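Take a look at the structure below.
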Amino acid sequence: RPPPQSGSDLLDELEAALGSSHREDIDARLAGIEEELLPTFRALPHLPNGRLSPGAARYLLHRHFASKHNWYVRGFDNGGDAWDAASPSAVFEVHSDGQVGEIFERRLGSEGLSLPETAALAATLEALARAENAARLSAAYRVASVDPEGADPDIEAVIDAYMVMYLTRANSTQATAEAIMPKVWSSTGEWFGYWPATRRWIRDILQEMRPGDVGRAFPARAAEELTQRYGWYAHQECLDMKHRLMGLQHGNTGRVHLHDFYGSALDGSYEFSESKAYLRLVGALDESDAERPKVIIPNYVLAPSNCMAGSHFYSVCCINECAAILADVERHASAPDATPGAILGVVRRVGSSTVAAPRELPAALEHRLDEIAEHHGGRVPLHGRLFAQWLHHAFPLECPFPHLAGATSPVLGAELSSEAAMPTLASEAEMREQCDNAMNMSTTSADQYHSGLVAPWHPEEELFLPMPPPDRRGSSVLRGLAFLAVAGSMAYTLLHGAGDSLRSVGGGHGAKASVV
């Protein structure tokens, strides 16, 4: 057992920093968040004391918010870099006065984070996000010129203004009626093509929630509900985009030739016109065949240029459909690695929006999994680049191609530094040039074009999270039983200031190598 924390309990420290209302908010959600985090927590590499390293905690928190809300939280997302390049507590340097970050950093720096402490960090961020929602709602009353204490306030106008501010990431303190209300009243959606449909969805949610007596608390509850559910509603736009790209797909590679991508834009589509340089920057361009560059469909769908809304804390982006597939493997493994047979037993039974299950996997793909395991002493690390690439081959339209850390920088064009500034969109001349070059391919090139119907395989390994040494991994079955035994006491432990009761195995170092 790690030594008990000195000083006050974690929640007492957070209450002192944020106030009693935040403490109540965190208390109310802590147990539920722990339960949501537990399956992935069990599957991650641990420090020898059973806690998570800063990189592992950051990875877990990113996965949690992305899968639960479609939130890509600034500070949790790795932005193309290594997961251990920054501490998850750094998120509070952006989202609070820094005092909260110092509370978590002290614990991370001394011995890592336990499951209850990781859940408390997630609950703290959610509490701050809800406070931001309240500030946005207050601003919505102001810009809509609606008195919240009036006899019959125009709730729909307020909620519409709230959602316009959310969609445009407007600053609550600076938003004006002149900037927000014309968008609210727009019937054609010239500022956002999906606004008419989104407005109808808002009405449906309000009708679904509206009790017999609306009450003063209704607008706040409605705003919170819409914020929580918008990511899942907007994902339909992502699926529509994905299916349009599937219509242009080259073989079964999960890729679209760049000239076909641009050809769609030249034929009148308002999308698919990002510049070659920007596609490369965000990791959506496959240039393994330099003469015939291709857009990687899942990487493009998940690119920040397709994020739809957000706040000071996060961006609402497309769902990473691969996360649910990986989560199934993690749940069955209850360990940071697994045998090829165990993985195949799960993946054969897992379907997706484009893959029917059960199914038999190609023999060549099963052989690739054996190669990865052979490189790692008989087991496959679940959080490494090679396994992520294997999932990309098994689910080419759901699982993104994994680049080496530092090779990409998935940011919005507006967030590029002045040194890296580039046009986000290609000009019409650039798109036509790419299409003309494809039409002028030689016969030999055309033959290669039609034969390249399998996605490329790159042999470089990179562990996203350090693996524990083999002599410390122990039995995954026994470890799973140990976790089940202590899971029920975790919330009690944290809330009553006791030391962390988790015991596990872990430690070790990452690796970068090649598997041919």
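Everything numeric here is computed off the predicted structure, so don't read it as measured data. Heavy atoms only: backbone and side chains are in, while hydrogens, waters and symmetry mates are out. Throughout, residue positions are numbered sequentially from 1 according to the sequence presented.
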Nearest-0.5 Å distance, CZ of residue Arg255 to CG of residue Leu285: 10.0 Å
Can you find a pair of side-chain heavy atoms, one from Phe218 and one from Met209, that are under 4.5 Å apart? yes
Looking at every heavy atom in both Ala139 and Ser172, which two are closest together, and how far apart are they? CB-O, 3.3 Å
Donor on one side chain, acceptor on other, Arg136 and Asn133, under 3.5 Å: yes
Between Glu398 and Lys242, is the closest basic N to carboxylate O distance under 4.0 Å? yes
Neighbour count above 12 (heavy atom, 6.0 Å) for Glu35 CD: no
Are Cys318 and Cys307 close enough that their SG atoms are less than 2.5 Å apart? no
Minimum heavy-atom distance Glu117-Gly112, with the two atoms named: OE1-O, 3.9 Å
Return yes if some donor-acceptor pair links the side-chain N/O of Gln249 with the main-chain N/O of Gly254 below 3.5 Å, else return no. yes
Would you say Asp286's side chain and Ile296's backbone share a donor-acceptor pair under 3.5 angstrom? no
Side chain of Arg142, backbone of Ala175: donor and acceptor closer than 3.5 Å? yes
No-hydrogen, no-angle side-chain donor-acceptor test under 3.5 Å, Glu321 and Ser352: no
Does atom CD of Gln207 have more than 12 heavy-atom neighbours, drawn from other residues, nucleotides or ligands, at distances under 6.0 Å? no
Nearest 0.5 Å, please: how far is CG in Asp160 from CG in Asp154? 8.5 Å
Taking side chain as C-beta onward, heavy atoms only, is Leu279 less than 4.5 Å from Phe261? yes
Heavy atoms of Leu113 and Ala57 approach each other most closely as CD1-CB, 4.2 Å
Any side-chain heavy atom of Leu38 within less than 4.5 Å of one from Arg42? yes
Between OH of Tyr233 and CD1 of Ile205, what distance do you get to the nearest 0.5 Å? 10.0 Å
Please check: side-chain N/O of Arg199 versus main-chain N/O of Val184, any donor-acceptor pairing under 3.5 Å? yes
Does one side chain, of Tyr162 or Thr227, offer a donor that lies under 3.5 Å from an acceptor on the other? yes
Does the Tyr300 side chain pair with the main chain of Gly283, one donor and one acceptor, at a distance under 3.5 Å? no
Are side-chain heavy atoms of Arg244 and Met241 found at a separation under 4.5 Å? yes
Do any N or O atoms from the side chain of Arg331 and from the backbone of Pro39 form a donor-acceptor pair under 3.5 angstrom? no
Is there side-chain contact between Ile155 and Pro153, with at least one heavy-atom pair below 4.5 Å? yes
Minimal non-hydrogen separation, Ile325 against Cys399, with atom names: CD1-SG, 4.2 Å
Establish, yes or no, whether a centroid distance under 6.0 Å links the rings of Tyr72 and His62. yes
Residues Leu326, Arg63; criterion side-chain contact (heavy atoms from CB on, under 4.5 Å); working and verdict: CA-CA 11 Å; Leu326 177 58; Arg63 287 269 304 275; 3.4 Å; yes
Side chain of His332, backbone of Asp328: donor and acceptor closer than 3.5 Å? yes
Using the rule given for side-chain contact (heavy atoms from CB on, under 4.5 Å), can you reason through Glu111 versus Leu47, listing the C-alpha separation, both sets of side-chain angles and the distance that settles it, and then say yes or no? CA-CA 8 Å; Glu111 53 191 24; Leu47 298 171; over 6 Å; no
Using the ring of each side chain (for Trp, its six-membered ring), is Phe401 parallel, tilted or perpendicular to His403, with breaks at 30° and 60°? perpendicular
Greater than 12 external heavy atoms within 6.0 Å of Glu428's CD: no
Test item: Trp71 side-chain N/O and Tyr314 main-chain N/O as donor-acceptor pair under 3.5 Å: no
Min side-chain heavy-atom separation Ile319-Trp232 under 4.5 Å: yes
Less than 4.5 Å apart, any side-chain heavy atom of Asn306 and any of Cys238? no
Apply side-chain contact (heavy atoms from CB on, under 4.5 Å) to Trp191 and Thr168, showing your working. CA-CA 10 Å; Trp191 66 278; Thr168 59; 3.6 Å; yes
Would you call Glu225 and Arg229 a salt bridge, using N to O less than 4.0 angstrom? yes
Shortest non-hydrogen pair, Ala222 vs Ile159, comes out as CB-CD1, 4.2 Å
Classify the ring geometry of His46 against Phe41: parallel below 30°, tilted from 30° to 60°, perpendicular beyond 60°. perpendicular
Taking it one step at a time, do Trp201 and Leu226 satisfy side-chain contact (heavy atoms from CB on, under 4.5 Å)? CA-CA 9 Å; Trp201 171 75; Leu226 289 163; 3.7 Å; yes
His243 side chain to Leu239 main-chain N or O, any donor-acceptor pair under 3.5 Å? yes
What one should report as the nearest heavy-atom pair of Phe387 and Val329 is CZ-CG1, 4.4 Å
Does any part of the side chain of Arg74, heavy atoms only, come nearer than 4.5 Å to the side chain of Ser315, both counted from C-beta? yes
